[in-house]
2 protein chains.
Amino acid sequence: MKRNTWQRDAVRDALGDADGFVSAQSLHAALRDSGSGVGLATVYRALADLAVEGDADSLQQDGESLYRACTPGTHHHHLICRNCGTTVEIAADEVETWAHAVAAQHGFTQPQHIVDVFGLCPDCTRIATAGTTT
Amino acid sequence: MKRNTWQRDAVRDALGDADGFVSAQSLHAALRDSGSGVGLATVYRALADLAVEGDADSLQQDGESLYRACTPGTHHHHLICRNCGTTVEIAADEVETWAHAVAAQHGFTQPQHIVDVFGLCPDCTRIATAGTTT
DNA sequence: GTTGAGTTTGACAATCGTTCTCAACAAAGG
DNA sequence: CCTTTGTTGAGAACGATTGTCAAACTCAAC
């Protein structure tokens, strides 16, 4: 049986409030800031649950897992600013098709794919360019 | 100055001998097996160097970094069997183009992308199917 | 061949993210 | 209300990775 606890809701809310991808640790810190004394282990558990249920996307950067609330049920990918963390959801039918085609081409079945694009968002591009043009 | 040590060569060789992606830890174990008393820290350092120089690809799975020797200089992606670890290098011009287009569309610059396809290779598919078809 | 300078190594500790443990707790149903 | 049973939380445990630092080694010059 799955129980509904305010802790889990708090994690879900905090994840929804976060802008881009956040680590479990920073989410825990944010929760502690907002007064919710949620334990770290609980945050990890809640995030893992959310990811399994499809309410959150996760990706691994460097050595930690980052999570982000996402529209449940839809398969999509992300365009992430590597400077400020801004994230844009992108539907990627083209890539879906490509992945399936490539897999089939080599006799592979049950293709799953990891596709994420990192870059500099318009704002950060402007700043970076201004800094470089010395 | 960059020096040439037998340890670094040993790591490079071991990586070349490995079939698919291997973790730093297992590579270290393999090296120890083959008699080369290379330290763990050295393996990590060598792998990081190889990855930077473009002689090795790295990806993160679960919570550890996996490495694999690759043809230097070429940008490519991988089709990886999630069961046996077999890896196929795939040139992905289509995806390159797509990634750039998507990035540009949203005003993002300097796009880098993580694209890996996991699936079941022909052999593992056969086995899995045989097992499922009870 | 020898010397010297500076990089690399390696054993171990430290660090960091994540998971486990287990007693206390609280949610859902009777 | 009471019982049942999943959930929480504090801290320990854990595993991968990185830092530390003296000793070893490589390279180039002599």
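Here is the naming used below: chain letters follow the sequence lines, and residue numbers restart at 1 for every chain.
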| How would you label the contact of A/Arg45 with the nucleic acid (heavy atoms, under 4.0 Å): base, sugar-phosphate, or nothing? | base
| Separation of B/Asp9 atom CG from C/dT9 atom C1', in whole Å? | 15 Å
| note | Whole-Å distance, B/Asp62 CG to C/dT18 P, equals 10 Å
| said: For B/Gly39 and A/Asn4, find the nucleotide of DNA chain C closest to each by heavy atoms; which residue's nucleotide sits nearer the 5' end? | reply: B/Gly39
| note | d(A/Arg12 CZ, A/Leu47 CG) to nearest 0.5 Å is 11.0 Å
| request: Considering just the side-chain nitrogens and oxygens of B/Tyr44, establish if one lies under 4.0 Å of OP1 or OP2 belonging to D/dT17. | output: yes
| query | Can you tell me how far C1' of C/dT18 sits from CD of B/Gln61, to the nearest Å? | reply | 17 Å
| said: Quick check: on DNA chain D, is the nucleotide nearest B/Leu40 upstream (toward 5') of the one nearest B/Trp6, or the reverse? Name the residue that is more 5'. | reply: B/Leu40
| said: At less than 4.0 Å, is any side-chain N or O atom of B/Gln7 found next to OP1 or OP2 of C/dG10? Yes or no. | reply: yes
| task | Round to a whole Å and report the spacing from CG of B/Leu47 to C1' of C/dT9. | result | 15 Å
| said: Ignoring hydrogens and geometry beyond distance, is a side-chain donor-acceptor pair present between A/Glu89 and A/His77 at under 3.5 Å? | reply: no
| note | Of the candidates D/dT7, D/dG9, C/dA11, the side chain of A/Ala41 sits closest to D/dG9
| message | With side-chain contact (heavy atoms from CB on, under 4.5 Å) as the criterion, how do A/Gln7 and A/Val11 come out once you've worked through the C-alpha distance, each side chain's angles and the decisive distance to 0.1 Å? | response | CA-CA 6 Å; A/Gln7 286 99 333; A/Val11 171; 5.7 Å; no
| B/Glu64 side chain: which of D/dT17, D/dA10, C/dT8 is closest? | D/dT17
| message | Can you pull out the residues from residues 20-35 of chain A that lie within a 4.0 Å heavy-atom distance of DNA chain D? | response | none
| task | Report yes if at least one side-chain N or O of B/Arg3 is closer than 4.0 Å to OP1 or OP2 of D/dA28; otherwise report no. | result | no
| query | Is there a side-chain polar atom (N or O) of A/Thr5 under 4.0 Å from OP1 or OP2 of C/dA26? | reply | no
| Would you say the side chain of A/Tyr67 lies within less than 4.5 Å of the side chain of A/Leu15, judging by non-hydrogen atoms? | yes
| Residue-phosphate contact under 4.0 Å: A/Thr42 side-chain N/O, D/dG9 OP1/OP2 | yes
| message | Checking the side chain of B/Thr125 only, and the main-chain atoms of B/Leu120 only, is there a donor and an acceptor separated by less than 3.5 Å? | response | yes
| So which one's nearest nucleotide on DNA chain D is more toward 5', B/Leu66 or A/Lys2? | A/Lys2
| query | Taking only residues two or more places apart in sequence or in another chain, which ones pass side-chain hydrogen bond (donor to acceptor under 3.5 Å, both in side chains) with B/Asp13? | reply | none
| said: Counting only heavy atoms from other residues, nucleotides and ligands, does the tally under 6.0 Å from CG of B/Asp33 exceed 12? | reply: yes
| note | From CG of A/Asp49 across to P of C/dT18 the rounded distance in Å is 15 Å
| query | Quick one: do the A/His78 and A/Asp57 side chains pair a donor with an acceptor below 3.5 Å? | reply | yes
| message | Please determine whether a side-chain nitrogen or oxygen atom of A/Ser65 lies at a distance below 4.0 Å from atom OP1 or OP2 of C/dT18. | response | yes
| Protein-nucleotide distance (A/Gln60, atom CD; D/dT17, atom C1'), rounded to Å | 15 Å
